[in-house]
Q: 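Let me begin by handing over the structure; questions about it come next.
The chain is numbered in sequence order, starting from 1. Numbering of ligands and ligand atoms starts at 1, following listing order.
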Amino acid sequence: MRYDVVVIGGGPSGLMAAIAAGENKAKVLLIDKGDKLGRKLAISGGGRCNVTNRLPIDEIIKHIPGNGRFLYSAFSIFSNEDIISFFEDLGIQLKEEDHGRMFPVTDKAQSVVDALLRRMQELKIDVKTNAPVDDLQYKDDRVVSVLLKNGEQYEANAIIIAVGGKSVPHTGSTGDGYAWAKKAGHTITNLFPTEVPVTSSETFIKEKALQGLSLRDISLSVLNPKGKPLITHRMDMIFTHFGISGPAVLRCSQFVVKAMQKWNLTEVTMSIDALPDQKEEPLYQEISSSVKKDGKKAIKNTLKGLLPERYLLFLLNTNGIDPNAQGATIATEKIRNFVRSCKQFQFKVDGTLSLEKAFVTGGGVSVKEIEPQTMASKKMNGLYFCGEVLDIHGYTGGYNITSALVTGRLAGTNAAAFSIKNKG
Ligand SMILES: Cc1cc2nc3c(=O)[nH]c(=O)nc-3n(C[C@H](O)[C@H](O)[C@H](O)COP(=O)(O)OP(=O)(O)OC[C@H]3O[C@@H](n4cnc5c(N)ncnc54)[C@H](O)[C@@H]3O)c2cc1C
């Protein structure tokens with residue numbers, strides 16, 4: 001069978017690419033190995049699908065630390081605001097939540113998937129599910145066909161690789177696209193887990209001293225070997241049985257991975273500032289004067305409300321202070337150390353959960369070999385890439401889906417134009 005455009009992968013990038021190609025009058029086939037399309041999209045954003053983000057473009061780019069700047073030209077053609085209008089035109093109203101995050105008003109990711117599928121039907125896009133692609137055929141520097149595992153073959157002037165990364169493989173993304181890209185002459189940059197919980201072998205983690213405790217609105221930093229912050233994120237975090245997780249941790253995670261690689265480390269230091277709005281010296285003055293004033297009171301009572309109770313008791317104990325001791329009996333130096341650990345509680349981490357357990361795959365098809373305005377391969381005529389298979393990764397908060405939809409839009413539009421132009 002011959003098509004104008006074959007899209008491999010039915011995640012957000014592939015669905016958008018197929019729709020864009022269909023809207024540009026191409027005869028399109030979308031192939032996915034799974035029994036359903038949009039499986040990862042349907043579980044994204046805690047099942048509510050954080051479909052995009054409403055921050056200004058410059059902010060969005062900043063929130064895509066993995067090659068966000070590559071997307072400047074793409075955003076000038078199809079932006080986050082265009083994503084919002086696109087979904088509104090499909091009957092999906094979106095609402096804005098904290099940090100610019102956009103969700104469907106239904107709070108159901110499936111409604112987003114269903115809207116995309118309805119649009120595909122309207123455009124009469126052929127869909128083949130349960131159809132794992134085995135390989136791509138190239139000849140004389142151009143794409144020829146897609147070969148399925150079952151032996152079927154589909155020819156096309158343009159082929160779009162939209163198979164995602166390697167994370168959460170039960171949704172279908174198992175890293176199959178990298179080999180096809182390599183075969184076309186592309187470079188695959190180092191793959192690594194990002195937006196992933198961080199592990200630690202510290203005794204307090206092993207002993208589960210803080211397991212389940214959430215800290216709200218703290219500043220979490222990853223330190224370089226000289227003790228200077230590489231990155232700081234102010235958000236929530238949680239202690240788990242293996243280490244730490246939560247939004248601040250996910251955002252810091254890639255810096256842990258990169259620091260370990262860069263300096264060949266087995267451990268990296270992280271630091272929690274539990275009171276980011278207060279400076280250390282005034283905080284010390286305030287705490288030491290209340291401890292003195294209430295000299296007969298147990299220190300844990302004097303400091304009640306300063307921090308979540310479990311964390312307060314933990315930091316007192318860590319600094320050798322009996323929480324029941326009367327304030328007046330505690331050495332000044334211990335109070336100073338306690339205040340320091342409120343501002344910078346430092347601990348070692350030794351890695352992250354695996355790439356498979358990460359929300360997002362870092363690394364992928366090098367963006368240096370992709371045309372930023374079209375998503376066309378610079379190595380192979382008729383080959384296009386979009387979504388997480390590319391070396392682009394953002395923070396959670398709608399940035400990855402935004403990147404998938406924007407690159408998908410460009411890949412679909414341009415693959416259709418290329419294919420139709422080269423028909424005769
Ligand atoms: C639990 C979870 C929550 C997330 N939440 C958010 C969020 O809130 N906001 C955000 O921005 N990002 C989020 N992400 C990340 C986001 O979902 C992904 O970045 C995005 O889905 C990538 O889209 P994609 O189209 O590139 O690939 P995918 O969504 O991974 O889709 C790839 C598709 O290709 C198909 N495929 C793979 N190999 C083959 C093959 N050989 N043959 C045929 N088909 C194949 C797969 O079956 C799959 O359907 C989350 C990720 C996870 C795991």
Q: Could you check atom 34 (O) of ligand 1 against the protein and tell me its nearest heavy-atom contact, residue, atom and distance included?
A: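 The protein heavy atom lying closest is Gly9 CA, 3.3 Å.
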
Q: Quick one: look up the protein heavy atom nearest atom 9 (N) of ligand 1 and list residue, atom name and how far away it is.
A: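 For atom 9 (N) of ligand 1, the nearest protein heavy atom is Gly398 N, 3.4 Å.
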
Q: Taking only Lys NZ, Arg NE, NH1 and NH2, and the carboxylate oxygens of Asp or Glu, determine whether Lys348 and Glu202 approach each other closer than 4.0 Å.
A: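 Judged by the 4.0 Å cut-off on N to carboxylate O distance, Lys348 and Glu202 do not form a salt bridge.
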
Q: Scan side-chain atoms only and decide if Thr52 and Thr402 contain a donor-acceptor pair under the 3.5 Å cut-off.
A: yes

Q: Judging by distance only, is a nitrogen or oxygen of Val360 under 3.5 angstrom from one on ligand 1?
A: no

Q: Show which atoms of ligand 1 fall inside a sub-4.0 Å distance from at least one heavy-atom site of Asp176.
A: 38 (N), 39 (C), 40 (C), 41 (N)

Q: Does a salt bridge link Asp273 with Arg234, judged by any charged N lying under 4.0 Å from a carboxylate O?
A: no

Q: May I ask you to check whether Ile401 has an N/O atom sitting below 3.5 Å from an N/O atom of ligand 1?
A: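 Ile401 vs ligand 1: N/O contact under 3.5 Å present.
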
Q: Of all the heavy atoms in Thr171, does at least one lie under 4.0 Å from an atom in ligand 1?
A: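 Heavy atoms of Thr171 do come under 4.0 Å of ligand 1.
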
Q: Should Lys33 and Asp176 count as an ion pair when the cut-off is N to O under 4.0 Å?
A: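 A salt bridge is present here (some side-chain N lies under 4.0 Å from a carboxylate O).
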
Q: Just going by heavy-atom distances, which of Phe385, Tyr399, Phe359 is nearest to atom 1 (C) of ligand 1?
A: Phe359

Q: Would Phe103 count as a contact residue for ligand 1, given that I'm defining contact as a non-hydrogen atom of the residue lying under 4.0 Å from a ligand atom?
A: no

Q: With a 4.5 Å heavy-atom cut-off, do Leu353 and Pro193 have their side chains touching?
A: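 No, their side chains stay 4.5 Å or more apart.
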
Q: Should the proximity of Tyr395 to ligand 1, defined as any heavy atom under 4.0 Å, be assigned to the side chain, the backbone, both, or neither?
A: neither

Q: Look at atom 46 (C) of ligand 1 and find which of Asp32, Thr129, Val163 reaches it with the closest heavy atom.
A: Asp32

Q: Pick one: which of Phe192, Phe70, Tyr399 meets ring-ring contact (aromatic ring centres under 6.0 Å, His included) with His393?
A: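 It is Phe192, the one option of Phe192, Phe70, Tyr399 that forms the ring-ring contact (aromatic ring centres under 6.0 Å, His included) with His393.
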
Q: Evaluate the criterion ring pair (Phe, Tyr, Trp, His ring centres under 6.0 Å) for residue pair Phe314 and Phe239; output intermediate values, then yes/no.
A: CA-CA 13 Å; Phe314 171 75; Phe239 294 94; 7.4 Å; no

Q: Just do the salt bridge (Lys or Arg N to Asp or Glu O under 4.0 Å) check on Arg48 and Asp107 with the steps written out, would you?
A: CA-CA 5 Å; Arg48 297 196 302 131; Asp107 278 331; 2.7 Å; yes

Q: How far is atom 5 (N) of ligand 1 from its nearest protein heavy atom, and which residue and atom is that?
A: Gly45 N, 3.1 Å

Q: If we only count N/O pairs under 3.5 Å, is Thr174 in contact with ligand 1?
A: no

Q: One thing to verify: whether Glu81 and Arg54 come together as a salt bridge, which I'm taking to mean a side-chain N less than 4.0 angstrom from a carboxylate O.
A: yes

Q: Could you tell me the residue and atom name of the protein heavy atom closest to atom 30 (O) of ligand 1, and the distance to it rounded to 0.1 Å?
A: Ser173 OG, 2.8 Å

Q: Considering heavy atoms of the protein only, find what lies nearest to atom 53 (C) of ligand 1 and give residue, atom and distance to 0.1 Å.
A: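 Closest protein heavy atom to atom 53 (C) of ligand 1: Val168 CG2, 3.3 Å.
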
Q: Is ligand 1 less than 4.0 angstrom away from at least one heavy atom of Ala162?
A: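 True for this residue.
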
